[in-house]
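Numbered from 1 within each chain, the chains take letters A, B, ... in sequence-line order. Values in this document were obtained by computation on a predicted structure and should not be read as measured data.
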Amino acid sequence: AQSVTQLDSHVSVSEGTPVLLRCNYSSSYSPSLFWYVQHPNKGLQLLLKYTSAATLVKGINGFEAEFKKSETSFHLTKPSAHMSDAAEYFCVVSVNDMRFGAGTRLTVKP
Amino acid sequence: EAGVAQSPRYKIIEKRQSVAFWCNPISGHATLYWYQQILGQGPKLLIQFQNNGVVDDSQLPKDRFSAERLKGVDSTLKIQPAKLEDSAVYLCASSLTSAGRGETQYFGPGTRLLVL
């Protein structure tokens, strides 16, 4: 069985400062990992995914995530937050199906 | 390329009424999924279709929920009768092939259901 834990339900940053959204996973097999973003009243959009290739994955809008097997983590980062990054972010683990975390709400202050 | 289409976008019903949601996946995508997203939680898979066959419906409350994908393209999800706890966003997603490891799912905008 697989599961994912997003360690923060809410993260608040100032515009122009770094973003860190934390995700730990549990899986009996080597998983694929995803980050999706959900803006209000919009569908889920794929930011990036890891599928056993390079451990540092670059996504859209300047986001990246690093797969660390020893720490069972897949944290999402961005060097400089923009107001448009304010949204709900979901970490997802996939072996046979996709299991979503509870989400992290990112607030960006001007 | 057109995305996943869903309708209606919003629905308000009273408990014990029935409701149906429609989804049209991305053209050529063999696999279709229905998720339930309760406020403050991540999406939870209800049912997965591969073409017109059910692959996984283990988390579908079959006493009140049903879904079909008769021609292997669009799909409907029905709730009958609805309960208060069914208030949620119902998301439809599709992927090119089966939901194996690494397969990207593309999501529609969702249908927001409120049961009074």
**Q** Is there side-chain contact between A/Lys68 and A/Ser73, with at least one heavy-atom pair below 4.5 Å?
**A**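 Counting from C-beta outward, A/Lys68 and A/Ser73 do come under 4.5 Å.
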**Q** Do A/Trp35 and A/Leu21 have side chains that approach each other closer than 4.5 Å (heavy atoms only, starting at C-beta)?
**A**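 The answer is yes, as the side chains (C-beta and beyond) meet within the 4.5 Å cut-off.
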**Q** Under 4.0 Å between a side-chain nitrogen and a carboxylate oxygen: does that hold for B/Arg64 and B/Asp86?
**A**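 A salt bridge is present here (some side-chain N lies under 4.0 Å from a carboxylate O).
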**Q** Evaluate the ring pair (Phe, Tyr, Trp, His ring centres under 6.0 Å) criterion for residues B/Phe49 and B/Tyr33: first the C-alpha distance (whole Å), next the side-chain angles of each, then the deciding distance (0.1 Å), finally the verdict.
**A** CA-CA 6 Å; B/Phe49 293 94; B/Tyr33 317 80; 9.6 Å; no
**Q** Highest number of heavy-atom pairs under 4.5 Å with chain B: which of A/Arg105, A/Gln6, A/Lys49?
**A**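 Most heavy-atom pairs within the cutoff with chain B belong to A/Lys49.
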**Q** Of the backbone (N, CA, C, O) and the side chain (C-beta and beyond), which part of B/Gln6 lies under 4.5 Å from a heavy atom of chain A, both, or neither?
**A**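 No part of B/Gln6 comes within 4.5 Å of chain A.
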**Q** What residues of residues 108-116 of chain B make heavy-atom contacts with chain A at a cutoff under 4.5 angstrom?
**A**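 Listed by number, the contacting residues are B/Gly108, B/Pro109, B/Arg112.
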**Q** Does any backbone or side-chain atom of A/Leu44 lie under 4.5 Å from a heavy atom of chain B? Answer side chain, backbone, both or neither.
**A**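 When you check distances to chain B, atoms from both the backbone and side chain of A/Leu44 fall under 4.5 Å.
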**Q** For A/Phe63 and A/Tyr89, I'd like to know if the aromatic rings sit close, meaning centre-to-centre distance below 6.0 Å.
**A**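 Yes.
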**Q** Quick one: are A/Pro31 and A/Tyr25 in side-chain contact, heavy atoms under 4.5 Å?
**A**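 Yes. Closest side-chain heavy atoms under 4.5 Å.
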**Q** Check whether A/Gln45 gets within reach of chain B through its side chain, its backbone, both or neither, counting any heavy atom under 4.5 Å.
**A**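 Contact with chain B involves no heavy atom of A/Gln45 at all.
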**Q** Carefully, step by step, assess B/Asp74 and B/Arg69 under the rule salt bridge (charged side-chain N to carboxylate O under 4.0 Å, His left out).
**A** CA-CA 6 Å; B/Asp74 57 348; B/Arg69 193 185 184 199; over 6 Å; no
**Q** Just do the ring pair (Phe, Tyr, Trp, His ring centres under 6.0 Å) check on A/Phe34 and A/Tyr50 with the steps written out, would you?
**A** CA-CA 6 Å; A/Phe34 303 75; A/Tyr50 165 78; 9.8 Å; no
